[in-house]
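In what follows, every chain begins at residue 1, and chains take the letters A, B, ... in the order their sequences are listed. Note: hydrogens, waters and symmetry copies are ignored here, and every other heavy atom, side chains too, is used.
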Number of protein chains: 2
Amino acid sequence: MGLTKTEIFTDEQNQLATLLKAMAHPARIAILQRILISNTCICGDLVGELGLAQATISQHLKELKNAGIIQGTIEGVSICYCINPKTWKLLEKQLGGFLAEYKGETSCC
Amino acid sequence: MGLTKTEIFTDEQNQLATLLKAMAHPARIAILQRILISNTCICGDLVGELGLAQATISQHLKELKNAGIIQGTIEGVSICYCINPKTWKLLEKQLGGFLAEYKGETSCC
DNA sequence: ATTTTATATCGCAATATTACGATTGCCTGG
DNA sequence: CCAGGCAATCGTAATATTGCGATATAAAAT
């Protein structure tokens, strides 16, 4: 055991879980926030700004890229990362719908 | 190594990461959706509805509870789980603010 | 008091994640 | 072509997650 039983769930559930998982780390949230602020892409600046090793940052970037949340393009010497608009919109839609499903606190338990 | 360096990040980043992590599993998304639909709480019904063992469901519920996303009260024989309004509102706020920070696709890379 | 029913917890095995040093690959400038 | 820096990858250690059977706990029914 030790691996998620994806066959049991819907594609939507698996997809949302994958996206959330990709963001569910403080370093990756910090990376995304940096990208959101300086809209324009960043890269090795992160190594200096966050207190993590280059290999670690690269790994986090890879995970965000694998999930489709960011995309990277070669920009001369360094590499430029930025938000993938398509996935971001999908995320807004899926997550928005999910959160909105909660109808106030109609006295449950 | 192998453990997240939380000291490096802000409380907000760590908190959001914890909440996202708690939701970042298809089974837990499915559980939350069930709760959102039948607003009123559920419990061992999940064992029949999702295809997972009782011990596994119980563990997922525990994780959601630890994160503060759901709360449980004893309801006679069984236990009634429902959304924790406080955390849900926090999540909406944090996540909403986060997602909204993206200013369209102003030609990045 | 004993059985039934509903959950939680323990213990384990398989796998995934996190972090980093070391190395490799790759472009650019000399 | 070769040296420079930037970023990806490899390998490894420590720890976390996922899933389940088995067992424990606790309230309700008999």
Heavy-atom contacts under 4.0 Å between residues 8-34 of chain A and DNA chain C, which residues?
->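 Heavy-atom cutoff 4.0 Å gives A:Lys21, A:His25, A:Arg28.
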Main-chain N/O of A:Lys21 paired to A:Arg28 side chain as donor or acceptor, under 3.5 Å |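 Side chain of A:Arg28 to backbone of A:Lys21: a pair is present.
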Are the side chain of A:Trp88 and the backbone N or O of B:Leu99 linked by a donor-acceptor pair below 3.5 Å?
->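 Side chain of A:Trp88 to backbone of B:Leu99: a pair is present.
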Atom [atom1] of [X] to atom [atom2] of [N]: distance rounded to whole Å?
X       : N      : atom1 : atom2 : value
B:Ile42 : C:dA6  : CD1   : P     : 15 Å
B:Asn66 : D:dA16 : CG    : C1'   : 14 Å
A:Leu3  : C:dT17 : CG    : P     : 11 Å

Crowding at CD, A:Glu101 (>12 non-hydrogen neighbours, <6.0 Å) |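 Atom CD in A:Glu101 is crowded, with more than 12 foreign heavy atoms closer than 6.0 Å.
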Is B:Gln54 side chain donor-acceptor paired with the C:dA8 base, going by distance under 3.5 Å alone?
->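 Answer yes: a donor N or O sits under 3.5 Å from an acceptor.
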Taking all non-hydrogen atoms of both residues into account, name the closest pair between [X] and [Y] and its distance.
X       : Y       : value
A:Leu50 : A:Ala30 : CD2-CB, 4.0 Å
A:Ala22 : A:Ile69 : CB-CD1, 3.9 Å
B:Phe98 : A:Leu36 : O-CD1, 3.7 Å

Option from B:Glu75, B:Arg34, B:Lys65 for which side chain to side chain contact (heavy atoms under 4.5 Å, CB included) with B:Tyr81 holds |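 That would be B:Lys65.
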DNA chain D: 5'-proximal contact among A:Val77 and A:Ala55 (nearest heavy atom) =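 Whichever sits nearer the 5' end wins; that is A:Val77.
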For the side chain of A:Ala53, starting at C-beta, report the closest nucleotide among C:dC20, D:dC6, D:dC20.
->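 The nucleotide sitting nearest to the side chain is C:dC20.
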Closest nucleotide among D:dG19, C:dA8, C:dA19 to the B:Ile79 side chain |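 Nearest listed nucleotide: C:dA8.
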Side-chain contact, heavy-atom cut-off 4.5 Å: B:Thr4 with B:Asn14?
->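 No. Closest side-chain heavy atoms not under 4.5 Å.
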Taking only the side-chain nitrogens and oxygens of B:Tyr81, find out if one of them lies under 4.0 Å from OP1 or OP2 of C:dA6.
->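 The answer is no; no side-chain N or O of B:Tyr81 sits under 4.0 Å from OP1 or OP2.
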Are A:Val77 and A:Leu61 connected in a single hydrophobic cluster, I mean Ile/Leu/Val/Met/Phe/Trp/Tyr linked by side-chain heavy atoms less than 4.5 Å apart?
->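 Shared cluster, no.
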Proximity to DNA chain D (any heavy atom under 4.0 Å), residues of residues 56-65 of chain A only =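 Here the set is A:Ser58, A:Lys62.
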Touch check for A:Ile74, heavy atoms < 4.0 angstrom, all strands: base, sugar-phosphate only, or nothing?
->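 Result for A:Ile74 = nothing.
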